[in-house]
Amino acid sequence: MDKYDPIQIEKKWQKKWEEEGAFKADDNAQKTADGRPKAKMFLAEMFPYPSGAGLHVGHVRNFTIVDVLTRFYRQQEMNVLRPFGYDTFGLPAENYAIKTGISPQSATETNIKNFRKQAKRLGLAIDWSREINTSSPEYYRWTQWCFLQLYKKGLAYRKESEQWWCPVDQTVLANEQVEGGKCWRCGHEVEKKKMKQWFFKITDYADELLDNTDALDWPEKIKTMQKNWIGRSEGAEIDFELANQANSSKDNKRWQSATLFEGDTEPGKASSSAETPVATGVSDAPREESSSCQQTRHIRVFTTRPDTIFGATFLVLAPEHPMVPALTTEDTRAEVEAYIKATQKKSDIERQENKEKTGVFTGSYAINPATGEKMPIWIADYVLIGYGEGAIMAVPAHDERDYEFAKKFDLSIKVVIEKPEDSEDDSECYGGEGKLVNSGHFNGINSYDAREQVVAWLEEQGIGKQKVTYKMRDWLISRQRYWGCPIPIAYDKNGEPHPIPEDQLPVMIPEVKDYQPDNSGRSALAKAKDWLKVTIDGEEMTRETDTLDGYACSSWYLWRYTSPHDDKAAWDEDAIKYWAPTDIYVGGDHAVAHLLYIRFWCKFFADEGYLPFREPVKTLLYNGYINAPDGRKMSKSKGNVIDPLDIIESGYGADSLRTYEMFIGPYDQDAAWDTKGIGGVYRFLNRCYQLCFNLADDEKNSSHNSAIRNKAIKKVTEDLHRRSFNTAVAALMEYVNELYKSGATHEDVTVLAKLIGPFAPHLSAEMLEHLGENDIWPTWDEKELVEDELEIVVQVNGKLRAKVKINAGDLENQAVVEGLALQDENVQKFLNGEPKKTIYVPRAKLLNIVA
RNA sequence: GCCCAAGUGGCGGAAUUGGUAUACGCGGUGGACUUAAAAUCCGCUUCCUUUACCGGAUUAUGGGUUCGAGUCCCAUCUUGGGCACCA
């Protein structure tokens, strides 16, 4: 056998691993060969959606990163849990079913088989006894159990409101699934639709999610995105009293009962109620109609700049604000009504694109509590109904948007913050900090300090208080689709929801013939007439036909991995304690949605006593994409997709593919595929093979390569620890090149075989078998790294002019080094006389002579 | 518009603490082996000058700090990503 044949070698070892049931994680901590207790390590990739197209090169990169680390830790004798699973609910399977009539259950099964086969063909060190699948009843039974726990605590609730609706996918979407006004799946522009929907109250955890973010060992990019998404703003809510108005009360009554904006009356709801703790205040939970607006003579606003209250010259309400009808006077009614209608027609995309300020005057006034001045009340679409109170106090002198608005409609502008003299900001509108002016007894106070003092004054007057507001909304989890986890709820005759008792779980997905959702906004589950009926406590009820957002199913799967076949609990108490939280989680997607949801569920189940930790993932690695050779994204329509199985079967083998994808560049950067590049990696592995089977020379003594061997061990080990996979491969290539020059001993090749194990596990196993050695990770000896003779770089005025050789023992002896350097002809030529000073850095093996 | 990251040969990229810039691979090129090709092996390959040595220039651009800067500081340009009327 003198030719490297990866296909045969890989087949052999994959069969062996399959038969042995290799890579099983042990729920009890084991001891190493030399008696130390094994440390546990729990790694996972973001489990894939098994599409009909099979694995693509992006999966391979993602899985290989986890596999390299898995094998590295295994070789270091750690107890490693590296499971695998499939995120199988979702629209593609359902759309496929609508088109072909093949059930999602059966299509999913086919796809899983294919994915499993392909993953095994990559030689992944997976504990296959822990495979999970979110659409299997054994799994979704516990997803439903999780839902019920949230429901019991009031964190799963139902509310009617305007929601994002994708007309193509015929379902509602969570805010996290709307990207730039478009559906994350099909890219179609989303619409607003008013529906009664289920939500998870993630906003209850807004503060903790935000406050814990900084401490995570996650990429800064992801942490920033999450913080921006939560979007906490600290400020104040302030009530502005209405000025007396000669409104006809008859008209007001008629307007109040008008139904321009049915249902979605968020601003009124956004203030506190019994159900919603004041501290979070952003929940979309149903609650009593607030007393602050409709019955009283106040308008409540939210501001982050209470210090500028003396500069507030007008109020602006969102057109959808429930008080607008009451505020509108006879003369302005036609205009206001027209403006509201125009706003309703505009899509959110249009509202975002056109930032030219528009608005109309309602005809009413409020009183500025600080100045006593009358403030006109306007409506404008630059004020958003869904944030804060849906109303603002406009301070045109110190807010860019208010300034634009005031300029356009000729409203008064009053400066109350003095721009510092050194400020480079020369625009008329100043948004920065400074001393207060024109602000009564607050004059002279720095604006930053004034925030607190003004709030204290407002509180004294009983017209305002400190307030924290968030951009994050509650998580909409209803989906009007068939292929999802049924929500375990049923409705009685009065339409009141009741939880399905836990002993009746799982609520199975019924089989249907027609998967098409109906036009009424109900999923195909509504067509399973028998399934719809359920009896709870002797009462006949009708099942919920919405299914759960797929993200709910993936919010707890990491914990399921610790006891995947448990039929008594979602996860076993002892197993979770031993394995979780996940040490290293690797993915390249879902920066806010999934990665925020798992943190939310973790905190909730920790509060319920089911988890002994509050963050689910210690270290997150976020890998980059692999693009087509032309640098564009791979896609079927562009015809530039590289199929990893083609690469493997064309003769390169899985080891070459794996190693190439680790060598292509830093794991967290995007990279462009280069089919030629994999040839270079194949040549490298072939050279490893040749060294082992044809070139190794046992006659030579093993010490002559000691320095390069120890250097290679050190470099590869340290690079793997800092996840610099590409340079680890480069170091292995260098090592092989050196062994080709110097000749390799049994020990040299053994070390090589062990070090390539994480990248090219099949070849590694083949070589180690031939050598008769185990795969335990080698260690290096610092003493062996020191060479007898050292080369010192000599610079004159910072420019390289010579290199001198010294004995290793003289490294710290500056006089010797200097003496040798000054004898050098080239150094003398550039020195031209006596040196002014010399700088010697033994660590860098560098001498700089300043002339 | 705001925030963040990055810019190094023909290409992917390396340089871990401020210390030999261009490791490793691709591509190119010369040679060995071969009837020939492939495969394999051995050289060369940042640019300019040079047969060669020597030398000069160079990490997007312009400044600065330092004995010494790809790395630190300031400004500018370009690319990528995120947010985008969030009061």
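Letters A, B, ... are given to chains in the order of the sequence lines, protein chains preceding strands, and every chain is numbered from 1.
- Comparing the C1' positions of B:A69 and B:G62 gives a spacing of 16 Å, expressed to the nearest Å.
- Residue A:R801 is classed as a sugar-phosphate contact, given heavy-atom separations below 4.0 Å to backbone atoms only.
- At the heavy-atom level, A:F830 lies under 4.0 Å from the strands shown only through sugar-phosphate atoms.
- Not one N or O on the side chain of A:T64 forms a donor-acceptor pair closer than 3.5 Å with the backbone of A:R658.
- Taking the P atom of each, B:C3 and B:A75 are spaced 12 Å apart, rounded to whole Å.
- Comparing B:G19, B:C42, B:U16 by their closest approach to the side chain of A:R687 singles out B:C42.
- Among the protein residues, A:I839 comes within range of the nucleic acid bases, having at least one heavy atom under 4.0 Å from a base atom.
- Heavy atoms of A:R683 sit under 4.0 angstrom from primed sugar atoms or phosphate atoms, though from no base atom.
- In this structure, A:Q795 reaches the bases: a heavy-atom distance under 4.0 Å links it to at least one base atom across the strands shown.
- Listed nucleotides: B:G19, B:U16, B:A87. Nearest to the side chain of A:K715: B:U16.
- Of the candidates A:I299, A:L411, A:N368, A:M375 forms a side-chain contact (heavy atoms from CB on, under 4.5 Å) with just one, namely A:N368.
- Taking the C1' atom of each, B:G68 and B:G18 are spaced 8 Å apart, rounded to whole Å.
- The base-pairing partner of B:G1, taking Watson-Crick or G-U wobble contacts with both distances under 3.5 Å, is B:C83.
- Distance from the side chain of A:N737 is smallest to B:C24 among B:C24, B:G43, B:A87.
- Judged by atom type and distance alone, A:K3 does not reach the base of B:U40 through any side-chain donor-acceptor pair under 3.5 Å.
- Of the C1' atoms belonging to B:A14 and B:A21, the separation is 10 Å, rounded to the nearest Å.
- Taking the O4'-C1'-N9-C4 or O4'-C1'-N1-C2 dihedral as appropriate, B:G56 has a value more than 90° from 0 and is therefore anti.
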Derivation and outcome, salt bridge (charged side-chain N to carboxylate O under 4.0 Å, His left out), residues A:R300 and A:E237: CA-CA 7 Å; A:R300 178 167 291 178; A:E237 57 180 31; 3.6 Å; yes

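- For B:C42 and B:C33, the C1' atoms lie 11 Å apart once the distance is rounded to whole Å.
- A:T727 comes within 4.0 angstrom of sugar-phosphate atoms only, judged by non-hydrogen atoms across all strands, and of no base.
- As rounded to whole Å, 21 Å separates atom P of B:G12 from atom OH of A:Y625.
- Minimum atom distance to the side chain of A:F663 is reached by B:C24, of the listed B:G55, B:U20, B:C24.
- Rounded to an integer number of Å, the gap from CG of A:L739 to P of B:C41 is 14 Å.
- For the pair A:A366 and A:L315, the tightest heavy-atom approach, listed with the atom from each and the gap, is CB-CD1, 3.6 Å.
- The local environment of NZ in A:K414 is crowded, with over 12 non-hydrogen atoms from other residues, nucleotides or ligands closer than 6.0 Å.
- Here the shortest heavy-atom pairing between A:V804 and A:L820 reads CG1-O, 4.1 Å.
- Backbone-only contact: A:N726 has heavy atoms under 4.0 Å from sugar-phosphate atoms and none from a base.
- When the P atom is used for both B:G30 and B:G81, the distance is 41 Å, rounded to whole Å.
- Checking B:U40 for Watson-Crick or G-U wobble geometry (two distances, each under 3.5 Å) identifies B:A32 as its partner.
- For a distance-only test at 3.5 Å, the side chain of A:K836 fails to qualify as a donor-acceptor partner of the base of B:C67.
- Nucleic acid contact for A:R723: none, since no nucleic acid atom lies under 4.0 Å from a heavy atom of the residue.
- Counting any heavy atom pair closer than 4.0 Å across all strands shown, A:D674 reaches sugar-phosphate atoms only and no base atom.
- A:D670 places no side-chain N or O within 3.5 Å of a backbone atom of A:N627 that could act as its donor or acceptor partner.
- Base pairing annotation: B:U17 forms no Watson-Crick or G-U wobble pair, as no partner gives both donor-acceptor distances under 3.5 Å.
- Which of B:C41, B:G56, B:A15 sits closest to the side chain of A:Y740 comes down to B:C41.
- Between the C1' atoms of B:G70 and B:U20, the separation comes to 14 Å (whole Å).
- Comparing A:N797 and A:F302 by the nucleotide of RNA chain B that holds the closest heavy atom to each, the one mapping nearer the 5' end is A:N797.
- Taking atom P in both B:G25 and B:C44, one finds a spacing of 13 Å when rounded to whole Å.
- Residue-level contact check: A:K829 touches the backbone only, with heavy atoms under 4.0 Å from sugar-phosphate atoms and none from bases.
- In this structure, the CH2 atom of A:W229 is 21 Å from the P atom of B:C4, given to the nearest Å.
- In this structure, the CG atom of A:D824 is 13 Å from the C1' atom of B:C54, given to the nearest Å.
- Remark: P of B:A15 and CD of A:E734 are 12 Å apart, rounded to the nearest angstrom.
- Summarising the base pairing, B:A6 is matched to B:U78 through a Watson-Crick or G-U wobble pair whose two defining distances lie under 3.5 Å.
- Between the CZ atom of A:R843 and the C1' atom of B:U20 there is a distance of 14 Å, rounded to whole Å.
- Taking only side-chain atoms of A:M733, from C-beta outward, the nucleotide of B:C67, B:G25, B:G19 with the closest atom is B:G25.
- We find that CG of A:N694 is positioned 12 Å from P of B:C41, with the value rounded to whole Å.
- Cation-pi geometry between A:R723 and A:Y667 is not met at under 6.0 angstrom from the ring centre and within 45 degrees of the axis.
- Picking from B:A14, B:A87, B:G82 the nucleotide with the shortest atom distance to the side chain of A:D399 gives B:A87.
- Closest to the side chain of A:Y382, from the set B:U16, B:C85, B:C54, is B:C85.
- Comparing A:R722 and A:I664 against RNA chain B, the residue whose closest nucleotide sits nearer the 5' end is A:I664.
- Residue A:K676 is classed as a sugar-phosphate contact, given heavy-atom separations below 4.0 Å to backbone atoms only.
- A ring-ring contact (aromatic ring centres under 6.0 Å, His included) with A:Y682 is found for one member of A:F663, A:Y689, A:Y4 and no other, namely A:Y4.
- In this structure, the CD atom of A:E179 is 15 Å from the C1' atom of B:A84, given to the nearest Å.
- Here A:N228 does not reach the OP1 or OP2 of B:C2: none of its side-chain N or O atoms lies under 4.0 Å away.
- Evaluation of atom-type donor-acceptor distances gives no pair under 3.5 Å for the side chain of A:K845 against the base of B:U20.
- Residue A:K799 places its side chain closer to B:A57 than to any other of B:A87, B:C85, B:A57.
- At most 12 non-hydrogen atoms from other residues, nucleotides or ligands lie less than 6.0 angstrom from NZ of A:K407.
- Residue A:V850 is classed as a sugar-phosphate contact, given heavy-atom separations below 4.0 Å to backbone atoms only.
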